[in-house]
Structures are given as structure tokens and as C-alpha cells.
Amino acid sequence: MEIPWWYYAIATLLGVAAWRLWKRPSLGLLVGYAFLILAETVLIRKPFAGEHLKLELFWPWRAWNVQRGQILTNVIMFVPIGVLVGWIWRWKGLWVAAGLSIAIELLQLITARGLCEFDDVFHNMIGAAIGVGIVMVLNRMRAKSNKRCYRGHNCVGL
């Protein structure tokens with residue numbers, strides 16, 4: 001199911017409001033993107049009957065041939081979250097990513113619009129950690145580059 005266009009409009013409005021309220025474009029992007037994840041994982045889904053809670057750890061890995069798309073989607077979906085929270089709070093931002101992931105799983109359980117499982121949180125956190133790691137590597141590279149400039153080296157293009 002595709003996200004309706006007006007969810008993107010809501011995400012944009014929420015993002016702009018957060019940006020203006022907190023004076024940080026990165027927080028606006030985080031709020032807007034988090035809303036789109038919430039839309040994709042809960043809001044646009046129809047409630048269904050059946051299993052809504054799976055407590056078995058790492059079950060998707062045992063069913064890799066069937067579940068690999070779902071596993072990779074959960075990882076990739078949270079890489080931008082990791083980049084944004086890493087940009088704002090560095091490694092402490094993983095707590096925000098974890099909170100968002102857990103909130104999604106609980107909402108799926110409460111609304112019967114998905115399968116609440118620990119593995120989704122685990123996969124989301126892998127994606128978030130990758131995103132934060134990207135930010136940390138880029139920050140380190142920038143710091144090394146700036147350090148060379150301060151020592152009198154040629155800084156053209158930085």
C-alpha cells in the first residue's frame with residue numbers, strides 16, 4: 001500500500017513546524033521523516049485478525065528466504081533516522097531511535113495493524129547505528145581535515 005500524498009503534506013507541515021519551533025532544520029527533517037515511518041508502519045495499514053505479537057527472537061533469520069526483504073527494509077528505513085539523530089545528539093541519539101522503534105511496535109500491537117516483535121526493533125537499531133556511524137566517520141574526517149588547515153596546509157576546497 002502506498003502512502004497517500006496528503007501524508008507527505010502533513011509530514012512537511014510537521015517538519016516545518018518543528019524547524020521553526022526549535023530553530024533546527026535537522027529536527028524538522030527528523031520529525032517529518034518519523035511521521036512518514038509511522039504512516040508506513042501503522043497509519044495506512046488496515047487492522048487485521050490473527051497474530052499481533054511475536055516474542056520469538058531472531059525468527060526472521062531462520063526464515064531468511066521469505067523474510068529477507070522485511071529485514072532489510074527495517075534496517076534501511078532507520079538509516080536516515082540514525083543520520084539525523086547522530087547529527088543532532090551523536091551516539092546518544094540512538095535512544096531516540098530506539099524510542100521511535102518501540103513506539104511503532106507498541107502501536108502496531110495496540111491498533112492490530114502489524115506484528116509487534118523484538119526483531120523489528122533490533123533491525124531498526126542496526127539501521128540507526130549505521131546512520132550514526134556514518135555521521136561519526138564524516139565528523140572525524142572533517143575534524144582531521146580542519147586540523148590540517150589549522151597547521152598551515154593548503155585548505156582550498158574545504
Side-chain angles (χ1 to χ4, degrees), residues 1-47 52-54 57 60 69-151 153 155-158:
M1 181 181 277
E2 290 187 31
I3 299 175
W5 69 267
W6 50 275
Y7 277 88
Y8 291 97
I10 293 170
T12 302
L13 289 174
L14 288 171
V16 169
W19 177 352
R20 292 185 52 101
L21 177 65
W22 293 304
K23 310 287 188 244
R24 294 188 71 177
S26 51
L27 278 172
L29 289 169
L30 178 61
V31 168
Y33 186 70
F35 177 79
L36 289 176
I37 289 176
L38 184 64
E40 177 67 33
T41 57
V42 180
L43 300 177
I44 67 169
R45 293 182 176 184
K46 303 261 187 270
H52 292 285
L53 181 63
K54 185 96 168 174
L57 288 176
Q70 184 68 27
I71 292 169
L72 294 173
T73 298
N74 278 315
V75 171
I76 292 167
M77 178 174 59
F78 264 68
V79 171
I81 291 290
V83 167
L84 291 167
V85 299
W87 191 7
I88 299 166
W89 298 292
R90 294 194 165 88
W91 288 108
K92 292 178 185 174
L94 288 176
W95 289 105
V96 174
L100 175 60
S101 183
I102 291 167
I104 288 167
E105 294 305 311
L106 290 175
L107 284 170
Q108 287 178 336
L109 179 64
I110 292 166
T111 63
R113 294 174 184 231
L115 180 61
C116 176
E117 55 181 311
F118 296 123
D119 290 342
D120 281 356
V121 175
F122 177 71
H123 298 134
N124 292 158
M125 293 311 296
I126 290 171
I130 290 169
V132 173
I134 290 169
V135 171
M136 296 298 104
V137 167
L138 292 175
N139 283 345
R140 182 164 290 184
M141 290 170 54
R142 188 177 57 191
K144 283 183 181 181
S145 178
N146 287 342
K147 190 179 279 187
R148 282 194 302 263
C149 286
Y150 294 136
R151 292 184 180 164
H153 289 80
C155 297
V156 177
L158 294 178

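Side chains included, hydrogens not; waters and symmetry mates left out as well; all remaining heavy atoms used.
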Between [X] (side chain only) and [Y] (backbone N and O only), is there a donor and an acceptor less than 3.5 Å apart?
X: Thr12; Y: Tyr8; result: yes
X: Ser101; Y: Ala97; result: no
X: Asn124; Y: Asn74; result: yes

I need the [X] [atom1] to [Y] [atom2] distance, nearest 0.5 Å.
X: Asp120; Y: Gln70; atom1: CG; atom2: CD; result: 6.0 Å
X: Ile104; Y: Met77; atom1: CD1; atom2: CE; result: 6.0 Å
X: Leu38; Y: Ile44; atom1: CG; atom2: CD1; result: 10.5 Å
X: Ile126; Y: Leu72; atom1: CD1; atom2: CG; result: 10.0 Å
X: Met136; Y: Met141; atom1: CE; atom2: CE; result: 13.5 Å

By side chain to side chain contact (heavy atoms under 4.5 Å, CB included) - contacts of [X] (at least two apart):
X: Leu29; result: Leu84
X: Pro80; result: Tyr33
X: Trp95; result: none
X: Trp6; result: Pro4, Ile10

When the side chains of residues 19-27 are checked against the rest of the protein, which donor-acceptor pairs come out under 3.5 Å, sequence neighbours left out?
from, atom 1, to, atom 2, distance (Å)
Lys23, NZ, Arg20, O, 2.9

Donor-acceptor pairs under 3.5 Å, side chain of residues 105-116 to any protein atom, not counting sequence neighbours: which ones?
from, atom 1, to, atom 2, distance (Å)
Glu105, OE1, Glu117, N, 3.0
Gln108, NE2, Thr41, O, 2.9
Thr111, OG1, Leu107, O, 2.6
Arg113, NH1, Leu43, O, 3.2
Arg113, NH1, Arg45, O, 2.7

**Q.** Heavy atoms of other groups near Lys54 NZ, more than 12 under 6.0 Å
**A.**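 More than 12 within 6.0 Å, yes.
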Considering all heavy atoms of both residues, which atom of [X] and which atom of [Y] are nearest to each other, and what is their separation?
X: Phe35; Y: Tyr7; result: CE2-O, 3.4 Å
X: Ala34; Y: Leu100; result: CB-CD2, 4.0 Å
X: Pro60; Y: His123; result: CG-CE1, 4.3 Å
X: Ala18; Y: Val31; result: CB-CG2, 3.7 Å

Q. So do Ile37 and Phe78 actually touch side chain to side chain, heavy atoms under 4.5 Å?
A.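 Yes, close enough: below the 4.5 Å cut-off.
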